[in-house]
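Worksheet: one structure, shown below.
Per chain, numbering begins at 1; letters A, B, ... match sequence-line order. We use all heavy atoms of the structure for the numbers below, so side chains are in, but hydrogens, waters and symmetry mates are not.
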Number of protein chains: 2
Amino acid sequence: MDTQLLEVFRVVAQYGSVTAAARQLRFTQSAVSRQIAALEADLGVRLFDRLPRGVALTEEGRTLLPHAEAMLDRLLAARQDLDELHGLGRGRLRVGAFPTAVAALVPRALASFRIAHPDVALSLVEGKTPTLLDNLTAGDADVAVVSASPTAPLDSTRFDLHHLIDERLLVAVARDHRLARRRRIRFAELADDPFIVGSATAEETLLRASLPEGFQPRVDIVAADWTGKLGCVAAGLGVALVPALAVRGTPVDVTLLRLHHEDETVRRIFAATVAGRSRPPAVSRFLTHLGHAASGFG
Amino acid sequence: MDTQLLEVFRVVAQYGSVTAAARQLRFTQSAVSRQIAALEADLGVRLFDRLPRGVALTEEGRTLLPHAEAMLDRLLAARQDLDELHGLGRGRLRVGAFPTAVAALVPRALASFRIAHPDVALSLVEGKTPTLLDNLTAGDADVAVVSASPTAPLDSTRFDLHHLIDERLLVAVARDHRLARRRRIRFAELADDPFIVGSATAEETLLRASLPEGFQPRVDIVAADWTGKLGCVAAGLGVALVPALAVRGTPVDVTLLRLHHEDETVRRIFAATVAGRSRPPAVSRFLTHLGHAASGFG
DNA sequence: CTTCGACATGCTATCTCCGCATGGCAGCGA
DNA sequence: TCGCTGCCATGCGGAGATAGCATGTCGAAG
């Protein structure tokens, strides 16, 4: 039996609702529904009564709950004991990351890391890639999530680079935009569309660097953050470039298009550590969490 | 994390050997090796030192072991608590089965049932299908594993039938037999081969009934049980019909051949209970164990 | 009576995991 | 010293499991 079933069971019991538990667990409702069904089938008992508004523990469910909690607690205790052996008990982990990664990728990795290693002190600093690398060298950060562009490759002699994911740049257009049904588009087709750009941040500069040589988008509107940009796009005010990683849930009134292969630029995203420097256990472990989080964006 | 990983870990730790644990768990060595690797990867520690002769727990492994045992014990306790609620605590289960099923299928199901419900008193009776069904009706058995042949269909109005598996009849030939490399053969091709048959049991009669109309095998040798039959086959004394279910581990010097589609007869194997009679929890649960055991013979 | 909220389920793509076969490594005996 | 053996690791292919999406069903509220 997978302990994940027990975790799901515990959360559903806590909320009294499959849907609420699914939100909490970052699953779909159907997945949680199936997991409960699988657990019931495995144990051969009905754990919840299905009510019009949610679910309620049966007698069997109430019997199982303390056992499930005991097993999950024991699993956590086991992980912590092993962490102690490896110096993960009271360590610290200082992460640096560029803005797009802070939107979803890094928080997700930090969240799962925090569950696995609750006693490690965490800190997160947002910054541009060069700054992050300087911090790394200076010993002010343990690991940095950075992006490499063809124009600014990373110095692999000074840093150990762990490739996490290749991030595409997407074009956000309104749902009823003339190109919204296309699978891939070219920059040239957008020559007449107003581009909505973010504030004059380093991140935004990077985006503009992704445009092809000689392409001059008409820039009309300046929005502060991704949400605002997408809002403007949805309202039909123009189109915008967004990194795929910045998009967690797509607003229903915006369509994200991939660029034609020739125009498509992928940023390679790495986790960097200082080469040759001994790596604390917490850092090594966080790298695996980053890897898992990144795979969720495939 | 799957609790199976913990179970595997526990057994490997107990035996100090991946291979021995695999035998005990009825897995292949490679499966156990992978499970240990998966557990180590999940926890991020090395649990065993690999020695020339087996494996030995590391400090981390010794740390994990009590946690693993506690979790597994708690899981067992949870199942037992739920069983109590359902009257599975101190029940009894009387199983009847025809001889081939007693060779492997039913014992396997009983074994897993016994682990899940250790306090249920078990009994097993071997017999022919008609006798088993009579016992069932008379209330002398709770469930019967029976086979249906086209000539003797089961009475589905008096019994609830749960289809378990379709069993093929295989032809055992010596490894160097002229037909040993063929995928499928016909009865007619065996006209000149001595057939080794079992004693004059009902089971054996069933086998002969599987031969096509008018086919008269040359019968030379009579062996007492499956093992003896296969031994004779291995020695090149002749060929033999064996039900697929009777074969657990094939002797290396015997090749089992499937019959050509036209000659192939499949016995449908069912678990039968008396229709309309209220079914004790232990019986319902045993049916699922039978189902799982049967799926292992796919 | 319609609508809405909540859980269940058919379908499909993907992933995982097992068994098989093979490879590598360490000891042992000739 | 060289094969031989026992043991664990791993590439590969197929079968089973699982998540997401979309849809169905049921009961309550308006």
Distance, rounded to the nearest Å, where [X] contributes [atom1] and [N] contributes [atom2]:
{"X": "A:Phe27", "N": "C:dA6", "atom1": "CZ", "atom2": "P", "result": "20 Å"}
{"X": "A:Ile36", "N": "C:dT9", "atom1": "CD1", "atom2": "C1'", "result": "16 Å"}
{"X": "B:His292", "N": "D:dG16", "atom1": "NE2", "atom2": "C1'", "result": "12 Å"}
{"X": "A:Asp2", "N": "D:dA19", "atom1": "CG", "atom2": "P", "result": "9 Å"}
{"X": "B:Arg53", "N": "D:dT5", "atom1": "CZ", "atom2": "P", "result": "13 Å"}
{"X": "A:Leu25", "N": "D:dA19", "atom1": "CG", "atom2": "C1'", "result": "14 Å"}
{"X": "A:Tyr15", "N": "C:dC7", "atom1": "OH", "atom2": "C1'", "result": "18 Å"}
{"X": "A:Glu40", "N": "C:dT9", "atom1": "CD", "atom2": "P", "result": "11 Å"}

Are OP1 or OP2 of [N] and a side-chain N or O of [X] less than 4.0 angstrom apart?
{"X": "B:Gln35", "N": "C:dC18", "result": "yes"}
{"X": "A:Ser33", "N": "C:dA8", "result": "yes"}
{"X": "A:Ser17", "N": "C:dC7", "result": "yes"}
{"X": "B:Arg50", "N": "D:dA9", "result": "yes"}
{"X": "A:Gln4", "N": "D:dA19", "result": "yes"}

How do A:Pro52 and A:Ala31 order along DNA chain C: which one's closest nucleotide is nearer the 5' end?
->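 Mapping each residue to its closest nucleotide by heavy atoms, the 5'-most match is A:Pro52.
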Could you check whether A:Ser30 gets within reach of a base, just the sugar-phosphate, or nothing at all, counting any heavy atom under 4.0 Å?
->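 Counting heavy atoms under 4.0 Å across all strands, the contact made by A:Ser30 includes a base.
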Given D:dC8, D:dC21, C:dC7, which nucleotide is nearest the side-chain atoms of A:Gln29?
->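 In terms of side-chain proximity for A:Gln29, the closest of D:dC8, D:dC21, C:dC7 is C:dC7.
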Do [X] and [Y] come within less than 4.5 Å of each other through their side chains, counting heavy atoms only?
{"X": "B:His86", "Y": "B:His117", "value": "no"}
{"X": "A:Leu39", "Y": "A:Leu64", "value": "yes"}
{"X": "B:Leu6", "Y": "B:His67", "value": "no"}

Nearest-nucleotide comparison on DNA chain D, the residue closer to the 5′ end among B:Arg23 and B:Arg34 |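 The answer here is B:Arg23.
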Measure up the B:His292 and B:His289 rings against each other and bin them: parallel (under 30°), tilted (30 to 60°), perpendicular (over 60°).
->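 Rings of B:His292 and B:His289: perpendicular, as their planes differ by over 60°.
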Evaluate the side-chain contact (heavy atoms from CB on, under 4.5 Å) criterion for residues A:Glu69 and A:Leu65: first the C-alpha distance (whole Å), next the side-chain angles of each, then the deciding distance (0.1 Å), finally the verdict.
-> CA-CA 6 Å; A:Glu69 288 176 337; A:Leu65 190 53; 4.0 Å; yes
